[in-house]
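What follows is one structure encoded as structure tokens, with my remarks underneath.
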Amino acid sequence: MASVARVDLDGNPIKPITICMIGAGGFIGSHLCEKLMSETPHKVLALDVYNDKIKHLLEPENAHPWSDRIQFHRLNIKQDSRLEGLIKMADLTINLAAICTPADYNTRPLDTIYSNFIDALPVVKYCSENNKRLIHFSTCEVYGKTIGSYLPKDSPLRQDPAYYVLKEDESPCIFGSIEKQRWSYACAKQLIERLIYAEGAENGLEFTIVRPFNWIGPRMDFIPGIDGPSEGVPRVLACFSNNLLRHEPLKLVDGGQSQRTFVYIRDAIEAVLLMIENPARANGHIFNVGNPNNEVTVRQLGEMMTEVYVKVSGEPKLETPTIDVSSQEFYGVGYDDSDKRIPDMTIINKQLGIYLSCTPSLM
């Protein structure tokens, strides 16, 4: 814990708080716990079903200077009566719990909707009723498809940022048909956003909503049969890593034409810490958190990962390094995709004065 007095963006001393972090054992939660333990005086009530990714923070007392500042509570928020009591004990609740793997949206749409909407309802309710601040993690998928994707392929308007840059307070949220169950995740996330916003408007809930744009880094996902189950389809970086390690061609869904921006997890966590410690600037806002200048197509991502793997491993590149597969073949019936995800960063830059880079850069 740093001995230097910490101040917020307005120069006010930062008082230690207790944070109830739901989903603390996941990718984002584990990095946020590390940040809070190593750089702040705050306490964390870490709630999750699994603690594998934060075990290094939970060693016996006196093993770390923060041993008395983090407590792990193994629970499932959908069926545990302890949840409200833990929220009451804290000053701030951060909700990271979610099913958020695209391969699940088609095959487990009910679980996806329940996880991202129904299971989140008590969290919002308890925060509102007990006057506790809430930071809720949403997703860039709430935007769905861009307006530009509906324009003719040769339309010059496709190059106009107004048709593809995603703004928190202006961009429409455009989803596919009901038959495209891939949007079960985005719709559930958007509806819980609307509920949180309504609780703020009607009942005075202090909230911040975070929309991550493809955060990447250690502990992000599993590689099937190596550090996770043999079955299952992880997200794109883990899928490509799996192909490379098994000397298989990288599978490009629908030609890999979708475009994404990426940001390194530790850069993104810096932004989250500013939200935690600057409630006066963060309350009532929805923040995109990403890097608009680090965009690649999925095909370009695969090519870059292949080049890096060949360089690091010394193995020759496959004669056929990539193959195209249809989204139906890869994900099943009901899959649909968004074309571009470019975050507008105006609000977060204005409120928190942060501009996110991506280290190391993909470009």
Side-chain angles (χ1 to χ4, degrees), residues 19-38 42 44-58 70-80 82-83 86-87 90 92-105 108 111-120 122-124 134-142 185-186 188-189 192 208-224 226-229 232-239 241 262-273 275-276 289-290:
I19 300 167
C20 176
M21 190 184 305
I22 302 167
F27 166 53
I28 296 173
S30 66
H31 286 277
L32 184 52
C33 283
E34 284 180 343
K35 185 80 170 176
L36 290 166
M37 292 301 102
S38 63
H42 308 312
V44 173
L45 306 177
L47 283 56
D48 212 317
V49 178
Y50 306 106
N51 67 3
D52 301 38
K53 294 179 181 180
I54 56 172
K55 271 187 176 178
H56 60 295
L57 300 175
L58 302 172
I70 183 167
Q71 300 174 6
F72 178 68
H73 297 265
R74 192 182 302 277
L75 61 81
N76 186 326
I77 63 170
K78 70 173 64 178
Q79 57 193 28
D80 202 301
R82 294 174 291 168
L83 179 61
L86 290 165
I87 289 175
L92 163 68
T93 293
I94 299 176
N95 188 15
L96 291 153
I99 289 177
C100 53
T101 304
D104 290 327
Y105 306 159
R108 301 169 58 201
D111 286 342
T112 299
I113 292 168
Y114 270 77
S115 170
N116 291 289
F117 180 67
I118 303 296
D119 295 348
V123 177
V124 180
L134 172 66
I135 295 180
H136 182 82
F137 274 70
S138 186
T139 172
C140 59
E141 293 216 11
V142 296
Y185 173 66
K189 281 291 195 183
I192 198 68
T208 303
I209 292 171
V210 186
R211 292 177 181 165
F213 277 71
N214 300 293
W215 298 3
I216 61 173
R219 304 190 294 269
M220 176 182 175
D221 221 335
F222 69 95
I223 298 177
I226 295 178
D227 61 350
V233 181
R235 285 164 286 193
V236 62
L237 274 83
C239 279
S241 297
F262 294 90
V263 66
Y264 193 53
I265 181 65
R266 294 193 181 107
D267 291 336
I269 290 299
E270 292 281 354
V272 179
L273 185 57
M275 297 175 206
I276 292 171
V289 181

Nearest-0.5 Å distance, [atom1] of residue [X] to [atom2] of residue [Y]:
{"X": "Ile54", "Y": "Met37", "atom1": "CD1", "atom2": "CE", "value": "10.0 Å"}
{"X": "Asn95", "Y": "Ile192", "atom1": "CG", "atom2": "CD1", "value": "8.5 Å"}
{"X": "Leu45", "Y": "Arg82", "atom1": "CG", "atom2": "CZ", "value": "11.5 Å"}
{"X": "Lys189", "Y": "Ser115", "atom1": "NZ", "atom2": "OG", "value": "7.5 Å"}
{"X": "Phe27", "Y": "Leu32", "atom1": "CZ", "atom2": "CG", "value": "11.5 Å"}
{"X": "Arg74", "Y": "Leu47", "atom1": "CZ", "atom2": "CG", "value": "11.5 Å"}

To check you understand the geometry: which heavy-atom pair defines the closest contact between [X] and [Y], and what is its length?
{"X": "Ala120", "Y": "His136", "value": "CB-CE1, 4.3 Å"}
{"X": "Ala90", "Y": "Cys20", "value": "CB-N, 3.5 Å"}
{"X": "Met275", "Y": "Val289", "value": "CE-CG2, 3.7 Å"}

Within the supplied structure, the quantity of interest is the number of heavy atoms (other residues, nucleotides, ligands) at a distance under 6.0 Å from Phe72 CZ; does it exceed 12?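 Counting other residues, nucleotides and ligands, CZ of Phe72 exceeds 12 neighbours.
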
Under a 4.5 Å cut-off applied to non-hydrogen side-chain atoms, are [X] and [Y] in contact?
{"X": "Asp80", "Y": "His73", "result": "no"}
{"X": "Arg266", "Y": "Pro218", "result": "yes"}
{"X": "Ile135", "Y": "Val210", "result": "yes"}
{"X": "Asn214", "Y": "Val236", "result": "no"}
{"X": "Cys33", "Y": "Ile70", "result": "yes"}

Please walk me through it: do Leu237 and Asp221 pass side chain to side chain contact (heavy atoms under 4.5 Å, CB included)? CA-CA 8 Å; Leu237 274 83; Asp221 221 335; over 6 Å; no

Using atom types as modelled and distance alone, determine if a side-chain donor or acceptor of [X] lies under 3.5 Å from a backbone N or O of [Y].
{"X": "Trp215", "Y": "Ile269", "result": "no"}
{"X": "Arg235", "Y": "Met220", "result": "yes"}
{"X": "Asn76", "Y": "Val49", "result": "no"}

Derivation of the side chain to side chain contact (heavy atoms under 4.5 Å, CB included) call for Leu36 and Leu273: CA-CA 8 Å; Leu36 290 166; Leu273 185 57; 3.9 Å; yes

Before giving the answer on side chain to side chain contact (heavy atoms under 4.5 Å, CB included), spell out for Val263 and Phe213 the whole-Å C-alpha distance, their side-chain angles and the decisive distance to 0.1 Å. CA-CA 7 Å; Val263 66; Phe213 277 71; 5.8 Å; no

With Pro234 as reference, evaluate Ser241, Pro229, Cys239 under the side-chain contact (heavy atoms from CB on, under 4.5 Å) test and give the passing residue.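 The passing option is Cys239.
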
Taking side-chain contact (heavy atoms from CB on, under 4.5 Å) as the definition, give me every residue that meets it alongside Ile77, ordered by chain and number, with sequence neighbours left out.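 Testing Ile77 for side-chain contact (heavy atoms from CB on, under 4.5 Å), a comparison that skips the adjacent residues, returns Ile22, Leu75, Leu83, Ala97, Asp119, Val123.
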
Which of these passes side chain to side chain donor-acceptor pair (under 3.5 Å) with Ser30: Lys55, His56, Lys35, Arg219?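 One option only clears the test, and that one is Arg219.
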
Just say parallel, tilted or perpendicular for the rings of Tyr105 and Tyr185, cut-offs at 30° and 60°.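 The arrangement is parallel - the two ring planes meet at less than 30°.
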
